[in-house]
Amino acid sequence: MIRVRFAPSPTGYLHIGGARTFIFNWLHARHQGGVVVLRIDDTDVERNTQTSLDSIHEGLEWLELGWDEFYRQSDRLELHRQAAWAIFEKGLAYRDFTPAAALSENPAAVENPGGAPENPGGASENSGAPEHPSGGWLFNPGMRELTREQSDRRANAGEPFVLRFRVPRDSRPEVVVSDAVYGTVSKATADLEDFALLRSTGMPTYHMASCADDADLRITDILRGQEHLANTFKHVLIFEALGVEAPKTAHLPLLMAPDGAKLSKRVHGPVVSVTTYRDAGFLPHAFVNFLSLLGWSPKNDREELSRDELVELFSLDGINRSNATINFTDQEPFDPKALWLNAQHIRTLDIDELARRLMPYAQQAGFTNATPKKLRAIAPLIRERIRLLGEVATVADFFFTEPRSYNPADFIPKKGDAAMAAEALRKSKEVLATVPAFDHATLDAALRAAADELGVKAGQMFQPVRVAVCGRLNAPPLFETLEVLGRDTVLTRLEFALGIV
RNA sequence: GUCCCCAUCGUCUAGCCUGGCCUAGGACACCGCCCUUUCACGGCGGCGACGCGGGUUCAAAUCCCGCUGGGGACGCCA
């Protein structure tokens, strides 16, 4: 049984990259009838916020995909600590008593945490910490060699320490990872630093908590962003130290912003937030469909895929290795392809569902008279004309409110003048006041006959009427629109327009 | 700086592993035409890419090497 997990840390809202990782996990699990675990990786007490946790839930729920099991790492700290000490007992980890403060006093360590010496010649005087022959911090001096007795004595005396993994640089040349996407990737142990397992506060680090939980929750497959590929070497070491089999991994290519950098909440702002998509009127599935195509392909030229098709077609083999750029600007926050896919999915919705999904957006637009019945009547008229559900506000406004600010020039038909427009309006009003029924067929016949009588083309007849009832040049088909609006409203607007032309 | 990864139209991608069917396919966007009472939908067509340089081979987008470019990771963050 496949078991996957999505493990966000509650330090910001759910963004597109996180959503995609979740979607891939979900698809991978559902494809083979597996289990989806949602695990909140909240071991960084300093940065966790309830707002963020709520945002993650809100975002994931909106996707309408669901998950099967839920955990919070903060509820499982004892497990993580036990795992860390078990590694210590095996001699595979050691206490590092180097004060955290000493490190932050070192300007180079703060401004240049990567370890690249700004002044190579003076690097050694910075800390005296062992560095990789070609740069890069490996471990703090003296700590690795402490005997168990010395270590215990200092710990018992209350001296704070962090527990570090003892990377076996002497006994083992490299760590090899077999990734479902990137293939066999290896890293020399000489390039791996002694990473922390437990902080001086006793809290587990991400590496420790993540691995201990993956083992305990029997996670079989890990799908996550490629930024974690380098961490995987450390994790392999932890799993081995724990004596468990490491889960299979599949690292996903990163989602990039148009500026070329990794998508980030901090620099790219709300345009990458899942709720921004929801609020604008994306259909959850269209959003899922769009993200599923970023870094993955069914390889059969299909793009519009239903949820079942996605589950059916999804395979790790279809995941690419190169990063994908998602297009957005401050003015247009949505990738044109996402917009197109959303429009496509809107068109496949049946009218009742479309009307139902339109309701919140109509209310949001302030259309207090929006009823399910009215939206049901309008939905077919705008289904092919909106890309976002939120566009109901601008495309269907005249169904709910009186048109304002007419542009008199709009009334003038092609190859016509104001007199022709006024004539068309007068005639229409006369005909529509007496027409036996207010339905498409009757309206069509009556208005065309009226145009003939006036000696104008149908288009010249319809344009002034359309502008009178809709307030603008471009609108849904005229007869259906008149039908939905009803005779009284239409007559009133025609009368009003007559006063403008 | 060190390590790891990546490299096909503006963007998302197919093709690469198992060289020839590739005068490189699809989609979005853009442009044009058609349909049409406007808009939209739809249909048709156009524009547009194998980063560079060496190899290997009868033959390379596909294999190898180098270069360049891009990204990521190097924390008592995740």
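Here is how names work: the chains are called A, B, and so on, in the same order as the sequence lines, proteins then strands, and each is numbered from 1.
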What's [X] touching, base or sugar-phosphate or nothing? Going by heavy atoms closer than 4.0 Å.
X	value
A:R47	base
A:S186	sugar-phosphate
A:M461	nothing
A:G225	nothing
A:H207	base
A:S297	sugar-phosphate

Looking at [options], which one has an atom nearest to any side-chain atom of [X]?
X	options	answer
A:S322	B:U11, B:G71, B:C6	B:C6
A:L229	B:C76, B:A73, B:C4	B:C4
A:L254	B:G71, B:A78, B:C76	B:G71

Take atom [atom1] of [X] and atom [atom2] of [N], then tell me their distance rounded to the nearest Å.
X	N	atom1	atom2	value
A:F195	B:C76	CZ	P	12 Å
A:D194	B:C74	CG	P	16 Å
A:W137	B:A73	CH2	P	18 Å
A:D410	B:C39	CG	C1'	13 Å
A:R387	B:C39	CZ	P	17 Å
A:I382	B:C39	CD1	P	19 Å
A:N289	B:C12	CG	P	17 Å
A:K234	B:C4	NZ	P	14 Å

When you check the phosphate oxygens OP1 and OP2 of [N], does a side-chain N or O of [X] lie under 4.0 Å from one of them?
X	N	result
A:K187	B:A73	no
A:T205	B:A78	no
A:K299	B:G15	yes
A:N320	B:A14	yes
A:T43	B:A78	yes
A:R164	B:C76	yes

Enumerate the residues from residues 14-21 of chain A whose closest heavy atom to RNA chain B is under 4.0 Å, giving them by residue number; use none for an empty result. none
Using the [atom1] atom as the point on both nucleotides, what is the distance between [M] and [N], in whole Å?
N	M	atom1	result
B:C44	B:U56	C1'	45 Å
B:G55	B:U11	C1'	34 Å
B:A24	B:A60	P	16 Å
B:U8	B:A14	P	10 Å
B:U57	B:C65	C1'	16 Å
B:U62	B:G19	P	12 Å
B:G66	B:C5	P	13 Å
B:C74	B:C67	C1'	25 Å

Considering only residues two or more places apart or on different chains, which pairs with a residue in residues 457-474 of chain A satisfy salt bridge (Lys or Arg N to Asp or Glu O under 4.0 Å)? A:D397-A:R472
Residues which pass ring-ring contact (aromatic ring centres under 6.0 Å, His included) with [X], listed by chain and number, not counting sequence neighbours:
X	answer
A:Y94	none
A:F195	A:F165, A:H207
A:F239	none

Does the gap between the ring centers of [X] and [Y] come in under 6.0 Å?
X	Y	answer
A:F314	A:W296	yes
A:F290	A:F282	no
A:Y182	A:H251	no
A:H235	A:Y206	yes

Tell me, please, which residues at least two apart from A:D335 pass salt bridge (Lys or Arg N to Asp or Glu O under 4.0 Å). none
Contacts of A:R385 meeting salt bridge (Lys or Arg N to Asp or Glu O under 4.0 Å) (sequence neighbours excluded), chain-then-number -> none
Assign a letter to each nucleotide of nucleotides 44-52 of chain B from its 5' end: B, base within under 4.0 Å of a protein heavy atom; S, sugar-phosphate only; -, no contact. ---------
Taking protein heavy atoms under 4.0 Å as touching, what does nucleotides 27-38 of chain B look like 5' to 3' if B marks base contact, S marks sugar-phosphate-only contact and - marks none? BSS-------BB
With both distances kept under 3.5 Å, what pairs with [N], Watson-Crick or G-U wobble?
N	answer
B:U36	none
B:A27	B:U11
B:G1	B:C74

Anything under 3.5 Å between a donor and an acceptor, one on a side chain of residues 448-455 of chain A, the other on a protein residue two or more places apart or in another chain? List them.
| unit_1 | atom_1 | unit_2 | atom_2 | d |
| --- | --- | --- | --- | --- |
| A:R448 | NE | A:D444 | OD1 | 2.5 |
| A:E453 | OE1 | A:K427 | NZ | 2.7 |

side-chain contact (heavy atoms from CB on, under 4.5 Å) against A:S74, all qualifying residues, sequence neighbours excluded: A:D42, A:R72
Once side-chain hydrogen bond (donor to acceptor under 3.5 Å, both in side chains) is applied, do any residues pair with A:Q460, and if so which ones, sequence neighbours excluded? none
Closest-nucleotide mapping onto RNA chain B: is A:D44 or A:L294 further toward the 5' terminus? I mean the 5' end.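 It is A:L294 whose nearest nucleotide is closer to the 5' end.
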Once hydrogens and angles are ignored, does a donor-acceptor distance under 3.5 Å link the base of B:A73 to the side chain of A:N231? no
Lys NZ or Arg CZ of A:R39 over A:Y71 ring: under 6.0 Å, within 45°: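 No.
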Cut-off 3.5 Å, side chains only: do A:D213 and A:Q73 have a donor facing an acceptor? yes
